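Below is one structure, written out as C-alpha cells; the observations come after it.
Every heavy atom of this structure was used, including side-chain atoms; hydrogens, water molecules and symmetry mates were not. Because the structure is predicted, anything quoted here is derived from the model rather than measured. Note on naming: letters A, B, ... go to the chains in the order of the sequence lines (proteins, then strands), and numbering restarts at 1 for each one.
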Amino acid sequence: MRIVLAALALLAAAHALPAAAGDRFYYLGYGVVQVVDGDADTIVADIPIKGAVREVDVTPDRKFMYVAANRRHVHKVDLATNRVVASIDLASDGWERFMFGFALAADGTSAYGAMMSRRADKGEAIVGRPVVAQFDLATGKILRSVEVPWGVAHLVAVRGGAQLYAFGQALYTIDTTQPELAVVATRPLAGRGMNILPFWDYTFDNGGVASMNYYTATHMGLLIVDQKSGAIDDLPLRGDPVMAYSVVLAPDRKLAYAVMDELTVIDLARKTYARSVPVAEGTSYGVNVSSDGRKVYVAGGGSTLTVYDARTLKPLKVLQMASDGMDLRRLPK
Amino acid sequence: MRKKAIQALNEKARAIERLADGEQPTAQALTDRKVPQGCTTIFDTGWETNPRPTYPVGNCQASARDFHGCVGDCWWPAQMPDGLTNHREFDEQCPNVARDWRNLKYD
Amino acid sequence: MSAALHWADLRLFDAPDGALLFDAEQASLFAIDDDTRAAIGRWRGREAIVLDEVPGDDREVLAALARRRVLRPAHARRVPPPRPDPAAIPVGTLVLEAAQACNLRCTYCYAGGGSYGGPARAMRPALAARAARQLVEGSGERATVTLVLFGGEPLLNLPALRAAVEAAASAARARGKRLVVSMTTNGTRFTDEALAFVAEHQIGVSVSIDGPPDVHDANRRHAGGGDSYADVVAGVERLVARTGRAPAARVTLVPAQWHRVPEVFDHLVARGFLEVGIAPASPVSADLLPTPAQDEALIAGFAALAGRFAAEAARGRVLPFSNLLDLCAKLHAGDVRDVPCGAGLGYLAMDADGTYYPCHRFAGDDALRVGDLDTGIDHARLRDYLDGEARVRAGDCAACWVRSLCAGGCHHDNRLREHALRLPRGGSCEFVRRWTALGLAAYAGLRRDGPVLAFIDRRARG
C-alpha cells in the first residue's frame with residue numbers, strides 16, 4: 001500500500017503552529033466577497049464583486065486575490081484595500097466560456113481554467129471541446145489550450161506550476177513547461193469507482209496541500225495533494241461514510257474537518273471519524289479552521305457563517321452574511 | 001437478410017436514430033458504474049425526503065440552503081432557474097435566497 | 001419507473017412493402033414493416049403508454065418506435081424557435097428587377113406586362129452597381145452571395161445587368177466570397193452582346209417557355225401581338241451554341257392547360273432543356289382560379305411524372321422534373337421549416353427605383369416596401385409583415401401534416417388569394433398535401449444506394 005505510507009509521511013511533515021491566530025477569512029458570496037477578521041470574528045469589509053463567486057486563487061506574495069465568478073468573470077482584488085482593481089470576461093471573443101477550475105500560473109500574468117464553450121451560428125448551437133486553457137489575466141485572451149475529456153471541474157497547480165492536476169472523471173496531469181500544454185498522465189477516479197465533487201480544495205489555506213473527499217460504494221476517502229512535490233495520497237476512511245462537500249486539514253494535520261449537513265471531525269492518524277454534530281443553520285458548502293487550530297468555521301450553502309469551538313464543537317457565534325455563499329477561504333493577516 | 005422492422009429513410013430520421021444510438025452507452029454508463037460522478041444522491045440534501053434527522057428534515061424540495069450552488073452551474077436545471085443560459089444574472093436578483101426569495105421571477 | 005409516452009403527430013402511407021411513417025412534427029420519414037404497422041394500429045388509440053406495462057412483443061416494437069421519437073414523453077414536444085429576426089440574417093440573395101418592362105405580354109403575368117404597375121422603367125446602371133456592392137458588403141459571414149437578374153425582361157437593360165454583375169464580382173473578389181449569378185429571361189433577347197455577357201460571367205439561365213407551340217403561344221405573346229415560341233427556341237439554340245450549357249425551362253400553365261402537363265414536360269426535355277419546372281399560374285385574376293376538374297388534372301399530370309420519375313430512377317437515371325427534385329430534396333433533409341421561404345430572411349428583391357421588397361413578386365405593392373438603397377432595409381417593417389403572416393396562419397397549419405415542410409405556402413399566392421380575390425385561406429393546401437404525398441412515395445421508392453438518391457442528396461446540400 002504505497003499510497004497509504006506516502007500519506008502518513010506527508011501528514012508527518014506538518015508546519016509548526018503560529019503563536020496567535022491572526023487570520024482573515026474571505027466569504028465567497030453572490031455579488032460580494034466579505035472579509036471576516038479571525039480574531040474578533042466580525043465582518044470587517046465588503047468587496048462588491050460582479051457575479052456568483054466560485055473559485056479564488058492568491059498571488060504568492062499574498063497581495064492580490066483573483067476571484068472567478070459566474071464561470072466567466074475573473075476579478076483582481078487588492079487585499080490591502082479590499083477593492084477590485086481589474087476585471088476580465090472570458091467570453092469576449094464570440095465564444096461563451098464556462099470555467100470550472102481556476103489556478104494562477106507561475107508567470108504572474110496568466111492563469112489556467114478548465115473551460116467549456118459554446119457559440120451560436122445562424123441559430124445553431126456550436127459546442128466547443130472541453131479544454132484546459134491558459135489565459136492572459138489582463139485581457140482574458142486564451143494563450144494556449146489542451147483538449148481534455150468532459151467533466152474536468154477543478155485544477156490544482158503543482159511542482160511550482162510545472163504541472164496542473166485536472167480533476168474530472170479521472171485525474172489528468174497536464175505538463176505546462178513545453179510550448180504546447182499536454183496531458184501527460186491519466187489516473188482513473190470514476191474508473192476506480194471514486195465519486196468526487198472537486199470544487200473545494202483549500203490548497204493555500206492548508207499551506208500548500210489540497211484536500212478533497214471522495215466516495216466509493218463502500219467508503220469515503222480523502223485525496224491529499226502536496227502542491228510542491230505533486231505527491232497524491234489516497235486516504236480511505238474506516239466506518240460508515242459521512243456526507244460532506246468539503247474537507248479542510250487542521251493546522252497540526254492530525255485532524256481534518258468535513259462539512260455538509262453535519263460538521264465532522266476526522267482523525268487522520270486512525271483514518272476514521274472522531275465526531276459529528278449537526279449544523280443548526282443547515283446544509284453548508286465550506287469549512288475552514290483558524291491557524292491556531294482553535295476555531296472551526298462553517299459557511300456557505302445558505303447565508304450564514306458559524307464559528308465553532310474546535311475542541312467542544314459548540315457554536316460560538318453565527319454571522320449573518322450579506323448573501324448566500326460558496327466557500328470560506330483563509331489567509332494570514 | 002430479413003428486412004428491418006423500422007428503417008430510417010430521410011436524413012432527419014437518420015439523425016434521430018443516431019441520437020438514440022448515443023443514448024445507449026449513456027444509460028449503460030450510469031448503470032454499470034456504481035457511483036456516478038457529480039452530485040448524486042450521496043450529496044443530495046434536499047431533493048427527496050431527507051432521511052437524516054437534520055435540517056432540512058423530511059423535505060422534498062430544494063432547500064434554500066442549497067439553492068445557489070445548484071442554480072449557478074445548472075446541477076438541477078429542472079427545478080432551478082438555469083444559471084448558465086437563461087438566468088445568468090440570477091445572483092443579482094436574489095443573492096440571499098432566505099431573504100430575497102420573493103424576487104424569484106423565473107419560469 | 002418509466003415515463004408515460006405519447007404518440008407523435010404521425011401519418012401512415014401505404015407502400016409496396018409495408019408502410020411509410022411520417023412524423024409531421026419532426027419531418028422524419030421511416031419505412032416500417034407490417035408487424036410494426038399492426039402494433040401501431042393496436043396502440044394508437046391510447047392516450048399515454050407506459051412501456052413497462054405493454055405486454056409481449058408489442059413492447060419491443062413500441063420501444064423501437066420510442067427510440068425513433070415516434071413515441072415520446074409529453075415534455076419532448078418540439079418547441080418552436082423564436083420567430084426569425086430579419087435584422088439578424090444578412091441578405092445573401094438579391095433579385096434585381098433591372099428592367100420593369102417586357103417585350104412580351106403574357107396573359108398570366110403577375111407583373112402586369114413586366115412593369116409591376118406604373119410605367120415601364122429601367123434601373124440606372126449606377127444604381128444597379130451600388131445595389132450589387134451593397135449585397136456583397138452586407139452579406140456578413142456568408143461565403144456565397146447570389147445575384148438574380150430579373151425583370152420584366154432583364155435583357156432589355158443589359159447596361160444595368162453588366163454594371164451590377166461587375167460590381168458584385170469585384171466586391172466578392174475583394175472579400176474572398178463566391179458570387180453566383182442567375183437570370184430568368186423570356187429567351188427572345190439573346191443578342192450577341194447578351195450572349196457574350198452570359199458566357200463571360202457563367203450566368204445560370206432559366207428560360208420561360210411553356211411547352212409545345214400551341215400551349216406556349218396561347219399565353220406568351222409579343223407586346224405588339226404575335227407568337228413568341230419560334231423566337232424563344234431560336235434564342236435558346238443560340239445560347240446553347242455560345243455557352244455550351246442548356247438552360248432550365250420555367251413553365252407556367254393556366255388551369256385550362258393543366259391536363260397537358262406530361263406532354264409539356266416531354267416536349268421541353270426533347271428540346272434539350274436541363275430541367276423542367278412547372279408552375280400553375282398564380283391567380284392574378286379570378287379567371288385563373290381552377291375548377292375542381294382542373295385541379296384533378298394537375299395532380300394527375302404531376303402523378304404521371306412522379307411515376308415516370310420512379311421508373312427512370314429504377315434504371316439509375318434522373319427524370320429532370322424540377323418540382324419533384326426539389327420536393328425530394330426537401331423530404332430528404334427533413335429540415336423543419338418555420339417560414340415558407342427565404343423572403344425577407346436572407347432574400348430580398350429590389351425594383352428599378354432601388355426600393356426593397358421581401359420578394360421579387362411584391363414589387364410595386366406599396367404595403368410591402370421594406371426600405372431602399374439610400375435608407376437601408378426596414379427590418380421593423382419586414383418583421384411586422386413576416387410575423388403577421390405567421391400569426392395568421394399558425395392556427396390553420398397546426399394540424400396539417402405537411403406543416404414542417406410547407407410552413408404556410410407562397411406569400412405572394414396567399415396575398416393574391418386572400419387580399420385581391422378575397423378568398424378564404426387554405427385554397428391551395430389540399431393540392432400541397434396531395435403533391436407532398438406523391439413526393440413522399442417517390443422519394444421512399446428510391447434505392448438507398450442508388451445514383452438518384454445521391455443526386456437528391458447533393459441537391460439537398462446545395
Can you name the residues that form a side-chain contact (heavy atoms from CB on, under 4.5 Å) with C/Ala444, not counting sequence neighbours?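 Counting only residues at least two positions away or on another chain, C/Ala444 forms a side-chain contact (heavy atoms from CB on, under 4.5 Å) with B/Leu9, C/Leu20.
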Heavy-atom pair with the smallest gap, counting every atom of [X] and [Y]:
X: B/Ala8; Y: C/Phe30; value: CA-CD2, 3.6 Å
X: C/Ala333; Y: B/Glu11; value: O-CB, 3.8 Å
X: B/Lys4; Y: C/Asp33; value: O-CB, 4.5 Å

Once you round to the nearest 0.5 Å, how far does CD of B/Gln7 lie from CZ of C/Arg448?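 One gets 6.5 Å once the value is rounded to the nearest 0.5 Å.
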Quick one: CG on B/Asn10 to CD1 on C/Ile456, what's the gap to the nearest 0.5 Å?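 That separation rounds to 12.5 Å.
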Within 6.0 Å of CD in C/Glu60, more than 12 heavy atoms from elsewhere: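 Count not over threshold, so no.
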CZ of C/Arg46: more than 12 outside heavy atoms within 6.0 angstrom?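 Result for CZ/C/Arg46: open.
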Can you tell which part of C/Leu29 gets under 4.5 Å to a heavy atom of chain B, answering side chain, backbone, both or neither?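 Interface part for C/Leu29: both.
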C/Ala64 versus chain B, the contacting section by heavy-atom distance below 4.5 Å: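 Contact with chain B: backbone and side chain both.
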Any carboxylate oxygen within less than 4.0 angstrom of a Lys/Arg side-chain nitrogen, looking at C/Arg68 and B/Glu17?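 Looking at B/Glu17 together with C/Arg68, the answer is yes, because their closest N to O distance falls below 4.0 Å.
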Which one of C/Ala66, C/Ser28, C/Ala460 has the most heavy-atom pairs closer than 4.5 Å to chain B?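 When all of C/Ala66, C/Ser28, C/Ala460 are compared, C/Ser28 has the most.
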B/Ile16 vs C/Gln26, side chain to side chain contact (heavy atoms under 4.5 Å, CB included): CA-CA, chis, key distance, verdict: CA-CA 9 Å; B/Ile16 290 172; C/Gln26 305 268 10; 4.2 Å; yes
Just wondering, do C/Val336 and B/Lys12 contact through their side chains at under 4.5 Å, heavy atoms?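 The answer is yes, as the side chains (C-beta and beyond) meet within the 4.5 Å cut-off.
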